[in-house]
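To keep things clear, I will list the structure first and then write my remarks on it.
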Amino acid sequence: MSVTHEVFNQPTPLADIDLYAGNRALQDALKFNAPGLDTTPLAQLGRLAGSAEMQRHARLANVHLPELRTHDRFGHRLDEVEFHPSYHALMTAACEAGLHGAPYAEQEQASGHAHVRRAASFMLFTELEPSVLCPISMTYAVTPALRDNPAIHRDWAPQLSARAYDPTLKVWRDKSGVTMGMGMTEKQGGSDVRANTTQAVHDGRDAWGERYRLTGHKWFMSAPMCDAFLVLAYVEGMGEGGLSCFFLPRVLPDGTRNVLRIQRLKDKLGNKANASSEVEFDDSIAWRVGEPGRGVPQILAMGTMTRLDCALGSSGLMRQALSLALHHTAQRSAFGKPLIEHALMRNVLADLALESEAATALALRLARTFDRTGDAHEQLMSRVLTPIAKFWICKRGAQMAQETMECLGGNGYVEEGGEGVLARIYREMPVNSIWEGAGNIMALDLLRALRKGDVAAALAQELAPAKGQHAALDRLIDTLPARIDSGAEEIGARTLARDVALGVQAALLAQTARPAVFGAFCASRLQGGHDVFGTLDGGTDFDGIIRRAMPV
């Protein structure tokens, strides 16, 4: 009698591995951007994030989704979101790793590489579960903006940088750690925040400065259970010039709850474990942060930091997708041998590895600019690298997720009990392209930056170390100045953003990667475009590239 349910030729789960030890591209990028960095915390996080226990939490947090509780059973307003315990376990791990605020602690700042180490940690954690990192990323971006209100910053800074997570809604002084969010976009405006209609009416002055009452709505208020938010509103009587930034806590200093009416949770394509909401303010109390009418510049400063996290997050997801594809094809056999031994599959896998390593190199190079705020060159490069990293890495990430899913075939497409990690990655990828400015916004940001001569000169300096190492890269580097000097028009902004990104990635790989990686990247990306994965030249060192990328 035959046994029809015997399971064979299926790979083992990719679990209980050290995500940091197996990521050679990340290790080499760290040596380049943060020489002498103590990587012990990264090794610890790599083991934690790669553990089967934490992977189980990631699965459960995406299966048991957040639930909105607008009222209690007696009819009182609650405006709370309930999460599965696994969500809280993930948030605890992220906060204990310092992903939300470690760079602002004095001991971290003394290392000189606080933002780079945090960036590498963020990428490792993304391989575990990306959607819980939304409130983590917002806290990271919002904290520096609070310095524009010294009193609030003095009171909240210790908890914002504490490596602790406390999900309860209570006054900040009674909590071991806090998180913050942002509320900028409204239904009629989206990225055009000047179209906002939320109004702020002055309500006196107290220990935290100028106090206001806000009335209006926010179309996207992610992570509504954060302890406080920075939001935009127009100051009454100031007209279009009055768009200002306000600090709105969920629990007021006297311990009472502020008015934050959660209307509904968004049903999103991905980012499922995180709650994104639509909220209304009704005489909600908030304090002004910074000067009136300075809301947009303050948002841009915060946006720069969240855009870094978009690039980091997509890079981490790309690495996770690559690892799953490599692990699967090494164990799954078809047509007489393991998939990874078939020539065309080797081409696809090596090509995916190039994309992942290039994304890692660019994302960490951007993070380095945050550690060197006093360096003129680094600040100019931040103007260039922020839009191109978010534009290119996030777009390539979505394409790469689809290709890695093909490496697993039907197994990659199925979500059985939430265990289909590649399907989760595929659904998650688009959010980083859209959040904090979609592709067109990033391309236009690059144009604005490059129209300043000092920025173009800094870009030329950045590319100079790779000159003479590959003919295709030399051609690209030589043509960029003329394209920039001629004043690239809006219609060609995306093409320019792509080419600058590829040039910077190639220049970085020349300095951080093995020659086989650098050569194959230049030959495939800089000579006639790269429209599909798996089209590397037959002379490529497939074995060397794949061996370098293997997760175990």
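Every residue meeting the side chain to side chain donor-acceptor pair (under 3.5 Å) condition with Q399, not counting sequence neighbours, appears here in chain and number order: R396.
Counting only heavy atoms from C-beta outward, the side chains of F521 and L502 approach each other to under 4.5 Å.
A salt bridge does not link R69 to E80: none of the charged side-chain nitrogens sits closer than 4.0 Å to a carboxylate oxygen.
In this structure, K390 fails the cation-pi test against W435, since its NZ or CZ atom is not both closer than 6.0 Å to the six-membered ring centre and inside 45 degrees of the ring normal. Judged by the 6.0 Å distance and 45° axis criteria, R368 is positioned over the aromatic ring of F32.
Classified by interplanar angle (parallel below 30°, tilted 30° to 60°, perpendicular above 60°), the ring pair F370/H115 is tilted. Using cut-offs of 30° and 60° on the angle between ring planes, the pair F533 and H530 is perpendicular.
Side-chain atoms of N347 come within 3.5 Å of backbone atoms of L536 as a donor-acceptor pair (strictly under, hydrogens ignored). Between the side chain of T512 and the main chain of L508, a donor-acceptor pair closer than 3.5 Å is present.
Atom CZ of F229 has more than 12 heavy atoms from other residues, nucleotides or ligands within 6.0 Å. For R514, the CZ atom sits in a loose shell: 12 or fewer heavy atoms of surrounding residues, nucleotides or ligands are nearer than 6.0 Å. At most 12 heavy atoms of other shown residues, nucleotides or ligands fall within 6.0 angstrom of atom CZ in R56.
Separation of atoms CG (L42) and CD (Q27) is listed at 9.5 Å; rounding is to 0.5 Å.
Side-chain contact annotation: N271 with R427, donor-acceptor N/O pair under 3.5 Å absent. Side-chain polar atoms of Q331 and T12 form a donor-acceptor pair below 3.5 angstrom.
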